[in-house]
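The residues of the chain are indexed from 1 along the displayed sequence.
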Amino acid sequence: MAALQKIRSKSSLLVGIIAVGLLAFVFPWGEVTTFVNKMRDKAFVVDGKVITTKEYSEKIAQWENFQKIMSNQSSLDEFTNSQIREMAYQQMVKEIILDEEAGRLGLAVTPEELNDMVYGPVVAPILYQIPFFANPQTGQFDKAYLMQFLSDINQDPAAMQEPHRSEIMARREIWAFIQNMMKYQRLEEKYASLVAGSVLVSDTEAKAAYADSKNVADIAYVVQRYSALADSAVQVSDKEIKALYDLRKNNYKLDTELRKISYFIKDVVPSDEDYAAIEQEMNAAYEKLKMTDNPAIVLSEYSSTYQDIFMAVSSLPADAKTFVESASVGDIFGPVRENQTYLMYKLIDRTNAADSIKLQIIPLPQGLDEKTSAHIVDSIQSVLKGGKDFGAVADELFPNSNGGDLGWTNEAMLASAGIAKECFAAAKGEILKLKVGGQDQLIRIADKTNPVPKVKLAVIQLPVIISDKTQNAIDNELNQFVSENGNLENFDKAAQAKGYSLIQNSIISPSEIALGQATGTRQVIHWAFNEKAGSVKKFDMSDKRVVAIVKNEITGEYMPVSEVATALKSELINDKKAEKIIADLKAKNLTSLDAYAQAVSGKVDTVNFVTFQTNNLSGIGFEPLMNVYSKLGQVNKLEAPMKGKSGVYVLNVTNKTEDTKEFNAEQTKQSLKQANYYQMMSQAVSILKNKMKVEDNRVKFW
């Protein structure tokens, strides 16, 4: 009975457990998980339009493929990949914004326009940047090459053999990519032009601009810099800082959340022990190289390849050149350490011979058997012996071969083909039958340079490898630092005490490619935006280690006052210094620039040809005070001490001229409108982007 009573008392709990079990059995949790993941999968959002990580990755792949083809590279380095991610993002955002705004305004780029941008008299600017369309001789855009490219991709791939078919399909993809860039470049121009064209210039603005530009003044001055007065001479309260912050608050509006981090980078470099190990190995190599008559054997032991060729002394590195100029055959230079490498040379031989030769070739088709190729070569040689020109024969057999011209070459370039000795030993005009890649070829020595001093060198070069022991020591050191000081209270102070190059309180945005110029550090930024304040981590890279701490998460609509307080305080300090300096100088009742110069232990300086629109003054920089007095100041009138950007100034306009050119309202308006036009053109899309809500979540994924 007691057991039954206990079961009854727990019946509601049992029912609940059973219900949950049944719910788990019948509820489509897989669909819910898929839905939740889909809701989270937002690489970025533009005005409510979600771009998924898949869509973004596909666009990045297109950009990477484009870059590889344009640069003729099979792979891209990490920094280039980071730049491509950012370019792909910016382009996608721009396309979404322009599509939406152009739809409202009725703007479009028609197929006819795109066609005219290719075939018309003025081609799209982007086409000038594509290597496919550049003349190899000039390196400049050539429309003939563009037309040839289009002719090639318009061929029927079904009628082609591999790999030509794949190449044409790849080029079609590239052309589609280029056309898309052309379209949005033109659409951006249209929108920006529309916005810029709406700017009007009033008569009042035109008159003001004329008045601002017609006065040119020479000004003598004395300045007491704010830096001459210690900051402790004035006091700034937190209340004053907050008041200035409130006044400037819109200047600190945030477009995205930020992070404040402190970090230091420790380069992974060889230890003294690592250098000593390679030095010992090089000393052993020295003994072997000194005794050997066959340097190739010694070099192969140290992963170096001996090239049995002569090199011009003038082409050698500075240290090798200095060595061979005074060395005897058999002498050895080194081993010496150059940065992170040990180097050694042995002089094997000397000669005087041509540094370069010019070659012509009559190549035979590949794949011929030895008997057939020998027969063809013999037949061609008979023709040549009969007096027929080598270049003419080459052009007959292989049209457009430019007489079989191979251009100028040196021994090092021919060594890999195994024909360097024969070609350089031959006389000018001699025709050689040589095997190249196992195939007989006819090669003519078309020309040779004059003899120069040349040497044959055996070179051993060993890099200093960072040992596992060295890397482990660095990792142990930094792991211990993180263990002992991985908190907000100790991190900065401890890093500075240990001599690490600490970057303190760095504010980073989620779109940054790297920490400063440190390649490979995007992962630190990704980590910082996915961790809480106080998180610490050591990052391992091949050439460096980074230790970072998240100091603060900066979110919200505005930058917090705490993050800008230092700059605001500095400005307020200068304001109060100005008040103090002005009051002290006025109390002296001085009447000349010389007297003011003596009072501030300074001198009288001058700036000439100052107008209201001058932005940079020699020795001063940007100082609006000078601009104002170039227009309003009276000649030879001493102006009382006044607050400037970098100090307190006393001025005297020593000379002033006025442009007597008559005011032309229409001309001035047109000039101002043109200046505004280009400014609006450059800012139009950027302003539009700021007005549309762009939510960048990429840092959550990359």
Side-chain angles (χ1 to χ4, degrees), residues 37 40-44 51-61 63-64 67-68 73 75-90 92 256-269 466 468 470-483 485-488 491-492 495 500-555 695-702:
N37 289 337
R40 290 176 178 171
D41 186 14
K42 298 178 181 178
F44 53 92
I51 302 300
T52 66
T53 54
K54 181 176 182 293
E55 291 171 314
Y56 180 46
S57 296
E58 288 172 349
K59 183 62 73 172
I60 290 172
W63 276 79
E64 287 176 342
Q67 179 62 30
K68 287 175 184 177
Q73 294 175 308
S75 62
L76 305 173
D77 59 49
E78 184 179 354
F79 184 72
T80 302
N81 281 326
S82 297
Q83 288 182 310
I84 284 173
R85 282 197 294 270
E86 185 61 23
M87 287 189 294
Y89 165 72
Q90 295 293 348
M92 291 181 80
T256 181
E257 60 180 290
L258 305 171
R259 291 291 183 272
K260 182 198 283 188
I261 67 171
S262 287
Y263 68 93
F264 61 86
I265 298 174
K266 185 175 180 66
D267 292 326
V268 177
V269 296
I466 303 165
D468 290 341
T470 297
Q471 297 205 52
N472 289 337
I474 293 172
D475 288 330
N476 290 338
E477 172 194 333
L478 297 180
N479 287 335
Q480 183 177 355
F481 175 88
V482 171
S483 175
N485 305 292
N487 56 70
L488 291 169
F491 188 93
D492 289 3
Y500 298 132
S501 299
L502 180 70
I503 306 298
Q504 194 172 4
N505 298 326
S506 174
I507 294 179
I508 57 175
S509 74
S511 62
E512 290 181 40
I513 293 174
L515 298 175
Q517 299 300 313
T519 57
T521 54
R522 169 66 190 180
Q523 57 181 297
V524 183
I525 297 167
H526 168 72
W527 165 82
F529 278 88
N530 289 279
E531 296 292 336
K532 298 295 183 183
S535 297
V536 181
K537 187 174 179 180
K538 176 174 75 73
F539 297 85
D540 298 344
M541 296 153 211
S542 60
D543 60 341
K544 55 182 164 285
R545 303 288 187 265
V546 180
V547 180
I549 185 170
V550 181
K551 303 291 287 292
N552 194 16
E553 302 172 52
I554 302 173
T555 59
E695 178 187 333
D696 185 2
N697 303 313
R698 291 176 299 151
V699 77
K700 294 179 181 178
F701 308 99
W702 294 277

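- The shortest side-chain heavy-atom distance between Val547 and Lys266 does not fall under the 4.5 Å cut-off.
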In a table with atom names and distances, give each donor-acceptor pair under 3.5 Å that connects a side chain of residues 508-515 to protein atoms at least two apart or in another chain.
| from | atom 1 | to | atom 2 | distance (Å) |
| --- | --- | --- | --- | --- |
| Ser509 | OG | Ser511 | OG | 3.3 |
| Glu512 | OE2 | Ser509 | N | 2.8 |

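- Glu257 is not listed as a side-chain neighbour of Glu553, based on a closest heavy-atom distance of 4.5 Å or more.
- The existence of a salt bridge linking Arg698 and Glu86 is confirmed by a sub-4.0 Å separation between a basic side-chain nitrogen and an acidic carboxylate oxygen.
- By the salt bridge (charged side-chain N to carboxylate O under 4.0 Å, His left out) test, Lys551 pairs with Asp492, sequence neighbours left out.
- Shown here for Arg259 and Glu531, the closest heavy-atom pair between the two residues is NE-O, 4.3 Å.
- Looking at Arg545 and Gln471, their side chains come closer than 4.5 Å, going by heavy atoms from C-beta outward.
- Legend: residues meeting ring-ring contact (aromatic ring centres under 6.0 Å, His included) with Phe529, ordered by chain and number and at least two apart, are absent.
- By the side chain to side chain donor-acceptor pair (under 3.5 Å) test, Glu695 is found to be paired with Asn697, residues two or more places apart in sequence or in another chain being considered.
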Exercise for the section: Take Glu64 and Lys68 through the salt bridge (charged side-chain N to carboxylate O under 4.0 Å, His left out) test and state the conclusion after the steps. Expected result: CA-CA 6 Å; Glu64 287 176 342; Lys68 287 175 184 177; 5.4 Å; no

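- The two residues Thr470 and Val269 make their nearest non-hydrogen contact at CG2-O, 3.6 Å.
- The residues Asp267 and Lys544 are annotated as not salt-bridged, no charged nitrogen and carboxylate oxygen being separated by less than 4.0 angstrom.
- Remark: the backbone N or O of Val524 is not paired with any side-chain donor or acceptor of Thr521 at under 3.5 angstrom.
- The residue from Ile549, Val550, Asn552 that alone fulfils the side chain to side chain contact (heavy atoms under 4.5 Å, CB included) condition with Lys260 is Asn552.
- When atom types are taken as modelled, the side chain of Ser82 and the backbone of Glu78 share a donor-acceptor pair closer than 3.5 angstrom.
- Smallest separation of non-hydrogen atoms from Val699 and Ile525: CG2-O, 3.8 Å.
- The CD atom of Gln480 sits 7.5 Å away from the OG atom of Ser483 when rounded to the nearest 0.5 Å.
- The distance from the CD1 atom of Ile84 to the NZ atom of Lys59 is 13.0 Å, given to the nearest 0.5 Å.
- In this view, Ser501 satisfies the side-chain contact (heavy atoms from CB on, under 4.5 Å) rule with no residue, not counting sequence neighbours.
- Separation of atoms CZ (Phe491) and CZ (Phe264) is listed at 5.0 Å; rounding is to 0.5 Å.
- Of the possible donor and acceptor atoms, none in the side chain of Thr52 sits under 3.5 Å from a partner among the backbone N and O of Lys42.
- Remark: Phe79 pairs with no residue by the ring-ring contact (aromatic ring centres under 6.0 Å, His included) rule, at least two apart or across chains.
- The ring of Trp702 has its center closer than 6.0 angstrom to the ring center of Tyr56.
- Residues Gln67 and Gln83 are not in side-chain contact: their nearest non-hydrogen atoms beyond the backbone lie 4.5 Å or more apart.
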